[in-house]
Amino acid sequence: MEPMSEIHYRRLTRSRARGTFAVAFQSRASLWLGPDHLLCVDSSGYAETYKRFYLRDIQAVTIQETKRRTLWNVILVVPLVGCLAGLLTSLSSAPNDSPAVIVWLIVSVIFLVPFLFNNIFGTACVCQLRTAVQIEELPSLCRVRKTRRILDKVRPLIVAAQGGEIPAEAVSAWMRDWAASSAGVPPAGTVADNPNIPPGLAP
Amino acid sequence: MDGVFNQPEFGPCPACGVLLQVEVFPALFRKISTGRSGEAIMVEGESSCFYHPQKKAVLPCDGCGRFLCALCDCLFDGRHFCPACLETGKSKGKIQNLENQRTLYDGIALALAIFPMIIFYFTIITAPMALFVAIRYWKAPQSILRRTKIRFIAAIVVSLLQIAGWITLFIFLATRHGTHV
């Protein structure tokens, strides 16, 4: 079997840790665009794992706004205000070149820089991609602005791969019909369907 | 349900009120096609599947040329493979789109060269290891994303410097010991 030619990928996002507090220990995920698929790369630095989402198979992309930016603002503002208060106190009580001023200044910058970046990047979000067989979170798409920018790039390619776009009204109508038709009927695979399934297996 | 699907802005989820933006594509409404089972041979002398001699062959495998029935025909990237060729292509990395993991030997070599410098005594062991990994896996497949050999080069340079440092230290200690005697 002859090896297939090398695929060239275009970077969509830079790598980002899967867990917020586990930057050093967890793998980092990034998103790349291939000729007919999206590639999600999880890299630990020593190994990479790949997940491919073919454009023709992508059913939906969900962006959900989260409170992560607000949470980080609260976490960073409290020590930042304390440091700035310390800095002001040192400035008023000691000469400008005292070591205390320098220390307070450095510590303030340590909190100020992430605080600024947290707000520059904008509202936080969780982005999920749905295919017929999976719902996968894309950790590298964690800010609304960036996610929309990437989606604007990818949407035309998905639409082209799937042969057309669906108008919003048609989707809403279909969803209403689906909700009406499935009302009162338990979803397939639940305990109600099959008494032999242990309750733990019910979705 | 209105105001959530294929809208440019967020809308509240009808169930829980969380702000959502959902882009739906035609694939959501596409029915999942069922697999084919392969036709049984009706006429004697008809070409049969390599894996299922009782079933009619429909095409040859693009990898090995064996005849395949509809059940064994795995369409991948526009090419028809038998399950064995798909498995070989995945395990040997010949079909890049099937690969789901790669080891980054350049990262390992660089880590072996750099991190032990924190406790530099370890470098007497790790420097030759880093050098070995860098040379042994120089031609091994790297990441499927574009990646230069800079990490390998850095690992080789750093580990050679460490080895040179240790040799210098030993020569220095040996000559000093020799002059004392």
Side-chain angles (χ1 to χ4, degrees), chain A residues 1-9 11 30 32 34 36-37 39 41 43-52 55-66 123 125 130-133 144 147-148 151 155 158-159 161-176 178-179, chain B residues 1-10 13-15 18-32 61-65 76-79 81 85-86 88-89 92-111 141-147 151:
Chain A
M1 194 189 318
E2 284 179 22
M4 288 187 173
S5 58
E6 196 86 353
I7 296 170
H8 293 293
Y9 289 99
R11 185 198 286 275
S30 58
W32 299 73
D36 59 351
H37 61 272
L39 180 75
V41 180
S43 176
S44 66
Y46 311 113
E48 282 180 344
T49 52
Y50 310 112
K51 281 181 187 159
R52 293 173 184 81
L55 299 176
R56 62 175 180 270
D57 297 330
I58 295 172
Q59 292 185 337
V61 177
T62 310
I63 310 169
Q64 183 190 326
E65 203 177 293
T66 65
T123 314
C125 71
R130 182 194 162 104
T131 67
V133 292
V144 172
T147 305
R148 282 186 175 154
L151 198 55
R155 189 188 295 111
I158 299 175
V159 167
Q162 298 187 11
E165 202 168 4
I166 307 175
E169 299 78 34
V171 179
S172 297
W174 189 89
M175 288 293 176
R176 267 196 303 273
W178 176 78
Chain B
M1 291 274 174
D2 298 328
V4 176
F5 301 106
N6 292 11
Q7 297 290 331
E9 290 298 325
F10 284 104
C13 167
V18 167
L19 288 178
L20 283 177
Q21 185 182 345
V22 186
E23 288 279 338
V24 175
F25 299 103
L28 184 65
F29 306 102
R30 200 170 57 203
K31 284 188 178 175
I32 299 170
C61 169
D62 285 336
C64 62
F76 186 79
D77 263 4
R79 297 170 75 183
F81 293 106
C85 280
L86 268 190
T88 311
K92 294 192 174 176
K94 287 185 176 176
I95 304 176
Q96 195 186 334
N97 269 353
L98 275 181
E99 272 189 286
N100 57 5
Q101 187 165 17
R102 276 198 186 175
T103 306
L104 304 176
Y105 292 106
D106 54 349
I108 294 172
L110 191 61
Q142 289 182 283
S143 167
I144 65 170
L145 309 169
R146 263 186 230 173
R147 203 165 156 111
R151 290 172 187 81

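Just so it is clear: chains get the letters A, B, ... in the order the sequence lines come, proteins before strands, and each one is counted from 1. The figures that follow rest on heavy atoms only: side chains count, while hydrogens, waters and symmetry mates do not.
Ranked by heavy-atom pairs shorter than 4.5 Å toward chain B, the options R155(A), E48(A), Q64(A) are led by E48(A). Here I58(A) is the residue among I58(A), V159(A), T131(A) with the most heavy-atom pairs under 4.5 Å with chain B. When V171(A), T62(A), V61(A) are compared by the number of non-hydrogen pairs under 4.5 Å with chain B, V61(A) comes out ahead.
No side-chain N or O of Q101(B) forms a donor-acceptor pair with one of T49(A) less than 3.5 Å apart.
Within the 4.5 Å cutoff, the side chain of L39(A) has heavy atoms near those of the L145(B) side chain.
Here the closest heavy-atom approach between residue F10(B) and residue I63(A) is recorded as CE2-O, 3.4 Å. Heavy atoms only, all atoms of each residue included: G164(A) and P26(B) are closest at O-CG, 3.0 Å. Residues Q59(A) and A27(B) approach most closely at NE2-O, 3.5 Å, considering heavy atoms.
V18(B) touches chain A through its side chain: at least one heavy atom from C-beta onward sits under 4.5 Å away, while N, CA, C and O do not. For a residue to count as touching a neighbouring chain, one of its non-hydrogen atoms must lie under 4.5 Å from one of that chain's; by this rule R30(B) touches chain A with the side chain only. For R102(B), the parts lying under 4.5 angstrom from a heavy atom of chain A are both the backbone and the side chain. In this structure, chain B has heavy atoms under 4.5 Å from both the backbone and the side chain of Y46(A).
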Residues S143(B), Y9(A); criterion side chain to side chain contact (heavy atoms under 4.5 Å, CB included); working and verdict: CA-CA 11 Å; S143(B) 167; Y9(A) 289 99; over 6 Å; no
Steps toward side chain to side chain contact (heavy atoms under 4.5 Å, CB included) verdict (I166(A), F5(B)): CA-CA 10 Å; I166(A) 307 175; F5(B) 301 106; over 6 Å; no
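In this structure, the side chain of N100(B) does not engage the main chain of K51(A) through any donor-acceptor pair within 3.5 Å. Formation of a donor-acceptor pair under 3.5 Å by the R52(A) side chain with backbone atoms of E99(B) is found in this model.
In terms of the side chain to side chain contact (heavy atoms under 4.5 Å, CB included) criterion, residue partners of C13(B) (sequence neighbours excluded) are, by chain and number, A15(B), C16(B), L20(B). By the side chain to side chain donor-acceptor pair (under 3.5 Å) test, Q21(B) is found to be paired with R148(A), residues two or more places apart in sequence or in another chain being considered.
The distance from the CG atom of D57(A) to the CG atom of L28(B) is 12.5 Å, given to the nearest 0.5 Å.
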